[in-house]
Amino acid sequence: MGDSSLTSRDASGVERVLIAASGPGFEMQPVDAAGAPTGPVRWTADLAATALDLERHDRPRWVWWRTAEVYPVLLEAGVRVERCHDLAAVENLLRTHAGERFTSPQSVAHEPPRGRSRQTSLFDAPADPAQNDEEPGRPQPPAGLAGLRESHASQARRIAGIRPGQPGFPLLVAAESAACLAAVEMGRAGLPWSTRIHDRVLTDLLGPRPQHHGRPRLLQALAEEVSRLLGGTDQQPMNPDSPADVLRAFRRQGVVLETTRAWELKQVDHPAVTSLLRYKELSRLHVAHGWAWQDQWVRAGRFHAEYVPGGVVTGRWATSGGGALQIPKVMRGCVVADPGWVLVAADAGQLEPRILAALSGDRGMIAATADPDLYTALAQQALGRPEARQEAKIGLLAAMYGARANSPAMGALRRRFPQALDLLERAARTGENGGIVRSVLGRTCPPPESSWQDVPPEKALARSRARGRFTRNFVIQASAADWANALVAGLRRRLAAMPSAGSGRAELVFFQHDEVIVHAPATLAEAVVSAVVESGAEATSLVLGERGVHIPLAAAPIASYAEKN
DNA sequence: GCGGTCTGCGCC
DNA sequence: AAAGGGCGCAGACCGC
């Protein structure tokens with residue numbers, strides 16, 4: 001398959017290849033960017049060999065239904081691809097843009113069994129759509145190569161239709177697809193995780209690993225102490241895991257609580273509070289990131305998560321299993337580079353307010369982004385005091401999240417940065433009135449439920465306000481996600497272009513909203529730092545344009561994630 | 001016993 | 001000091 005008849009280049013020099021399972025092999029066909037075939041359908045029994053050959057010679061944009069289903073097969077065979085068009089992900093983008101409701105892309109692990117309609121191989125459409133039990137609204141895979149071709153052509157038409165109003169939409173499509181590739185690669189590579197350090201942290205905090213189920217020793221001691229201080233007995237111990245139990249116990253002690261949330265407990269003067277708060281903290285570590293978690297998710301020194309790009313309505317990534325996006329700070333020390341390797345960890349400091357500056361075009365706030373500590377600059381400009389950093393930070397975060405508190409700092413910010421605060425207010429009004437908002441590249445929030453205001457008047461107001469908070473935050477969070485996907489896309493491209501350094505190549509191993517970790521041979525450390533910084537600058541330029549906004553990306557080689565910040 | 005919802009808290 | 005946006009997860013809880 002060394003000849004180029006399978007592919008043809010489109011105007012931008014990138015050819016596309018549709019690929020669909022067919023019997024024991026795969027059908028492939030070259031198409032142009034508009035979706036029109038530019039060559040015949042070919043069949044191959046050996047996908048990996050064919051794909052490797054094409055990837056070496058033509059580097060096409062692979063067009064397939066869902067990256068998470070086919071890319072693992074290619075990676076397993078040693079084939080890494082440069083670019084793709086993920087039809088399922090793009091279908092979600094197009095449908096929400098057209099006003100349909102959001103359906104989270106399904107993780108592969110949680111694919112429901114399909115019984116008799118089960119697919120026989122990758123890309124096969126379900127034998128009988130009537131038997132398909134997927135939730136309504138979720139894009140279904142088209143049948144066969146012909147269906148795939150039509151889906152792709154349809155998407156090309158719809159994207160072209162969006163482009164005049166949303167010039168960034170093709171970039172959104174490309175970045176989302178690249179994110180899908182990166183997600184599979186990251187899940188496969190895994191995050192370097194020292195079970196030895198993990199064991200030590202757990203043992204230090206909780207006591208030795210219990211033989212069977214049940215609480216570790218120190219945790220059990222804390223539970224007993226809490227129970228005793230709240231009037232429990234050996235016969236009838238109070239269960240600190242049970243909110244109802246805790247509320248009852250406090251009430252008997254004369255303390256009336258609304259909830260057992262930490263912030264509320266902290267306001268109570270009672271000897272049991274300290275122990276209970278400590279218990280909650282440690283219990284959470286035990287249940288969420290304890291030995292059971294390690295057994296389930298860490299294999300051969302790597303934490304393998306399943307990442308789901310676009311799994312969140314705002315375009316943020318989700319994970320399925322393992323809670324990769326919720327690793328507690330106290331566990332970061334478990335993330336350590338292999339001997340002779342480094343971690344290059346980087347995060348975009350204060351991403352969301354910088355995004356706000358760019359979206360609103362507020363000159364004053366854009367100027368403030370030149371400061372590596374944006375909040376200090378804001379405090380200086382709005383309040384005249386750099387020491388007021390914390391007030392400025394809380395004020396701006398409250399404005400972006402929709403808190404009701406209207407602090408003096410927020411008022412000062414509004415006077416000094418009217419365009420920025422006005423953008424948030426307008427997004428909120430739009431949402432309250434049932435409208436939709438979009439990210440900078442065109443990712444679109446779902447419409448309200450058709451009957452969302454069909455409730456008693458006093459509830460209607462609350463709902464309306466809640467939706468205003470959602471859309472207010474959506475424009476920022478979704479645009480930040482646009483930026484982050486562009487960062488990931490650029491970084492994986494640069495890392496792939498790096499030479500392998502004897503022991504291996506630099507790999508993206510972690511991504512969390514605005515931060516990345518690359519695991520790399522130590523000799524490549526500086527090159528990786530440069531790649532990260534360049535990718536950040538590129539993302540800013542591509543997604544936000546040349547508006548003078550700075551999004552600093554602090555990247556440094558470290559041995560352990562605990563060294564970061 | 002099972003599945004759905006609630007609660008509370010980890011991360012951004 | 002107050003309790004605002006987005007998630008995933010585990011245990012408690014509740015109804016079947």
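Quantities reported herein were computed from a predicted structural model and do not represent experimental measurements.
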Quiz item: For the pair made of CD in Gln296(A) and C1' in dG8(C), what is the distance, rounded to whole Å?
Solution: 13 Å
Practice problem: Walk me through it: do Asp245(A) and Arg248(A) pass the test salt bridge (charged side-chain N to carboxylate O under 4.0 Å, His left out)? | Solution: CA-CA 5 Å; Asp245(A) 241 21; Arg248(A) 271 193 300 270; 2.9 Å; yes
Which atom pairs link the protein and nucleotides 4-7 of chain C when you take only N or O atoms and keep those under 3.5 Å?
{"unit_1": "dG4(C)", "atom_1": "O3'", "unit_2": "Arg469(A)", "atom_2": "NE", "d": "3.0"}
{"unit_1": "dG5(C)", "atom_1": "OP1", "unit_2": "Arg469(A)", "atom_2": "NE", "d": "2.9"}
{"unit_1": "dG5(C)", "atom_1": "OP1", "unit_2": "Arg469(A)", "atom_2": "NH2", "d": "3.4"}
{"unit_1": "dG5(C)", "atom_1": "N2", "unit_2": "Arg316(A)", "atom_2": "NH1", "d": "3.3"}
{"unit_1": "dG5(C)", "atom_1": "N2", "unit_2": "Gln477(A)", "atom_2": "NE2", "d": "3.3"}
{"unit_1": "dG6(C)", "atom_1": "O4'", "unit_2": "Gln477(A)", "atom_2": "NE2", "d": "3.1"}
{"unit_1": "dG6(C)", "atom_1": "N3", "unit_2": "Arg316(A)", "atom_2": "NH1", "d": "3.3"}
{"unit_1": "dC7(C)", "atom_1": "O2", "unit_2": "Gln326(A)", "atom_2": "NE2", "d": "3.2"}

Quiz item: Roughly, in whole Å, what's the span from CZ in Arg332(A) to P in dG10(B)?
Solution: 14 Å
Quiz item: Could you give all pairs that pass the salt bridge (Lys or Arg N to Asp or Glu O under 4.0 Å) test and reach residues 419-429 of chain A, with sequence neighbours left out?
Solution: Arg414(A)-Glu425(A), Asp422(A)-Arg426(A), Glu425(A)-Arg429(A), Glu425(A)-Arg472(A), Arg429(A)-Glu432(A)
Quiz item: With sugar-phosphate meaning primed atoms plus P, OP1 and OP2, does Leu351(A) contact a base, only sugar-phosphate, or nothing at under 4.0 Å between heavy atoms?
Solution: nothing
Practice problem: Sorted by first residue and then second, give each salt bridge (Lys or Arg N to Asp or Glu O under 4.0 Å) pair with at least one member in residues 315-336 of chain A; sequence neighbours left out. | Solution: Arg316(A)-Glu352(A)
Quiz item: What salt bridge (Lys or Arg N to Asp or Glu O under 4.0 Å) pairs are there with at least one residue in residues 281-299 of chain A, not counting sequence neighbours?
Solution: Arg209(A)-Asp295(A), Arg278(A)-Glu281(A)
Exercise. Look at the side chain of Asp86(A) and the backbone N and O of Arg66(A), then say whether any donor-acceptor pair between them is shorter than 3.5 Å.
Key: no
Quiz prompt | Side-chain (His550(A)) to main-chain (Pro552(A)) donor-acceptor, under 3.5 angstrom | solution = no
Practice problem: Indicate, with yes or no, if the rings of Trp293(A) and Phe303(A) have centres closer together than 6.0 Å. | Solution: yes
Practice problem: Could you tell me whether a side-chain N or O of Thr430(A) sits under 3.5 Å from a main-chain N or O of Ile436(A), the two making a donor and an acceptor? | Solution: no
Self-check item: Interatomic distance, Asp347(A) CG vs dC11(B) C1' [rounded to whole Å]
Solution: 13 Å
Self-check item: Whole angstrom value for the distance that separates C1' of dG8(C) from CH2 of Trp317(A)
Solution: 17 Å
Self-check item: Side chains of Thr259(A) and Glu264(A), donor plus acceptor under 3.5 Å
Solution: yes
Quiz item: Between dC11(B) atom P and Leu325(A) atom CG, what is the distance in whole Å?
Solution: 12 Å
Quiz item: Taking atom C1' of dT7(B) as reference, at what distance in whole Å does atom CG of Asp245(A) sit?
Solution: 14 Å
Quiz item: Can you check the Trp291(A) CH2 to dA10(C) P distance for me, whole Å?
Solution: 16 Å
Provide a list of protein-nucleic acid N or O atom pairs under 3.5 angstrom, restricted to nucleotides 3-5 of chain B.
none

Quiz item: Which residues in residues 257-288 of chain A have at least one heavy atom lying under 4.0 Å from any atom of DNA chain C?
Solution: Trp263(A), Arg284(A), Val287(A)
Practice problem: For Asn485(A) and Trp317(A), test the side chains for any donor-to-acceptor distance below 3.5 angstrom and give the result as yes or no. | Solution: yes
Quiz item: According to a strict under-4.0 Å criterion, is Ser242(A) in side-chain N/O contact with OP1 or OP2 of dG11(C)?
Solution: no
Quiz item: Do any N or O atoms from the side chain of His513(A) and from the backbone of Ala480(A) form a donor-acceptor pair under 3.5 angstrom?
Solution: no
Self-check item: Nearest-angstrom distance from the residue atom CH2 of Trp293(A) to P of dA10(C)
Solution: 12 Å
